[in-house]
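Here the structure is laid out as structure tokens; the discussion comes afterwards.
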Amino acid sequence: MKIGIANDHAAYDYKVKLAAHLKRMGHEVVDFGTDSTVSVDYSDFAHPLADAVERGKVDAGIAMCGTGNGMAMTLNHHRGIRAGLAWNSEIGRLVKAHNNANVLVMPARFISLRMAMRIADTWIETPFDGGRHARRIAKIPVK
Ligand code: RB5
């Protein structure tokens with residue numbers, strides 16, 4: 001898969017190691033920054049990732065900040081984005097199987113790096129269940 005990654009300063013170290021892990025697993029990684037631990041605003045990095053997912057420039061996205069909430073809130077303002085927060089691998093499975101999240105969001109300050117890798121692998125490998133979940137997803141956008 002071609003996976004876009006965005007992060008703020010709180011998740012920079014995790015981003016570097018997760019991107020290397022994803023490449024080892026055979027994925028192409030497009031890095032939307034930030035590229036250091038200098039304090040930044042997560043929204044400046046979430047919007048370009050969301051645009052890339054919406055335009056099909058990447059197959060899916062992974063976003064990380066301290067809690068994950070700033071990234072998730074920003075990403076979900078985009079009509080074509082379903083950004084889901086996951087903090088263990090079972091939620092990583094469900095956020096794809098049930099919610100078909102096209103951006104996985106993780107809270108770098110509250111999970112281990114090993115867990116972040118497990119969650120990402122699980123989310124990538126899990127297919128969307130469809131069926132009743134597709135009906136529910138279709139009702140998410142504001143009419
Ligand atoms: C940065 O200190 C922190 O606020 C940010 O990483 C994130 O947790 C916001 O939602």
Side-chain angles (χ1 to χ4, degrees), residues 1-129 133-143:
M1 279 177 79
K2 189 171 180 180
I3 301 171
I5 291 195
N7 59 281
D8 74 356
H9 52 285
Y12 171 69
D13 291 337
Y14 275 32
K15 184 272 294 290
V16 170
K17 289 167 182 147
L18 180 62
H21 170 74
L22 292 171
K23 287 176 190 167
R24 275 197 304 274
M25 299 298 285
H27 302 291
E28 185 181 344
V29 175
V30 180
D31 188 347
F32 290 88
T34 187
D35 300 322
S36 79
T37 55
V38 174
S39 183
V40 292
D41 301 333
Y42 49 77
S43 36
D44 290 336
F45 302 89
H47 287 303
L49 172 63
D51 288 341
V53 173
E54 285 184 309
R55 291 173 191 192
K57 307 263 184 217
V58 294
D59 299 315
I62 295 177
M64 295 183 289
C65 61
T67 63
N69 280 313
M71 283 290 186
M73 289 177 188
T74 309
L75 290 158
N76 280 319
H77 272 268
H78 289 251
R79 209 168 171 82
I81 299 298
R82 285 179 307 282
L85 187 60
W87 55 93
N88 65 41
S89 50
E90 178 60 0
I91 297 171
R93 185 184 73 78
L94 289 168
V95 83
K96 176 68 81 58
H98 288 189
N99 309 115
N100 202 18
N102 54 7
V103 182
L104 169 67
V105 185
M106 295 187 284
R109 284 184 173 152
F110 296 90
I111 60 175
S112 67
L113 175 63
R114 188 185 169 86
M115 178 57 72
M117 291 175 180
R118 282 183 53 199
I119 294 168
D121 290 345
T122 303
W123 170 74
I124 289 167
E125 288 160 12
T126 301
F128 176 46
D129 280 354
H133 301 297
R135 185 184 70 237
R136 291 164 186 166
I137 286 170
K139 292 182 180 178
I140 292 175
V142 175
K143 296 265 190 293

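Remember, it's 1-based here, ligands and their atoms both numbered in the order they're listed.
When non-hydrogen atoms are compared, ligand 1 lies under 4.0 Å from the side chain of A10 (C-beta onward) but not from its backbone. Under 4.0 Å from ligand 1, the heavy atoms of D8 that appear belong solely to its side chain.
For atom 4 (O) of ligand 1, the nearest protein heavy atom is 4.0 Å or more away.
Closest of all the heavy-atom pairs between A101 and G84 is CB-N, 4.0 Å.
A donor-acceptor pair is defined here as one N or O able to donate and one able to accept, closer than 3.5 Å; no such pair exists between the side chain of K96 and the backbone of L104. The main-chain N or O of R82 is found under 3.5 Å from a side-chain atom of N102 such that the two form a donor-acceptor pair. D31 places a side-chain N or O within donor-acceptor distance of the main-chain N or O of G33, the cut-off being under 3.5 Å. Distance alone, capped at 3.5 Å, is enough to place a donor-acceptor pair between the Y14 side chain and the I111 backbone.
Protein heavy atom closest to atom 9 (C) of ligand 1, with residue, atom name and distance, is Y42 CE2, 3.6 Å. The protein heavy-atom contact nearest to atom 10 (O) of ligand 1 is G70 N, 2.9 Å. The protein non-hydrogen atom at the shortest distance from atom 8 (O) of ligand 1 is T67 N, 2.8 Å.
Those atoms of ligand 1 with a heavy atom of G66 less than 4.0 angstrom away are 5 (C), 6 (O), 7 (C), 8 (O). If you number the atoms of ligand 1 from 1 as listed, the ones under 4.0 Å from a heavy atom of H9 come out as 1 (C), 2 (O).
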Donor-acceptor pairs under 3.5 Å, side chain of residues 52-68 to any protein atom, not counting sequence neighbours: which ones?
residue : atom : partner : partner atom : Å
E54     : OE1  : H78     : ND1          : 3.0
E54     : OE2  : R79     : N            : 3.4
E54     : OE2  : G80     : N            : 2.8
D59     : OD2  : K2      : N            : 2.6
T67     : OG1  : N69     : N            : 3.0

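An N or O contact shorter than 3.5 Å is missing between M71 and ligand 1 by distance.
Remark: the S89 side chain and the R118 side chain contain an N/O donor-acceptor pair separated by less than 3.5 Å.
In this structure, R109 counts as a contact residue of ligand 1, since one of its heavy atoms falls inside 4.0 Å of the ligand.
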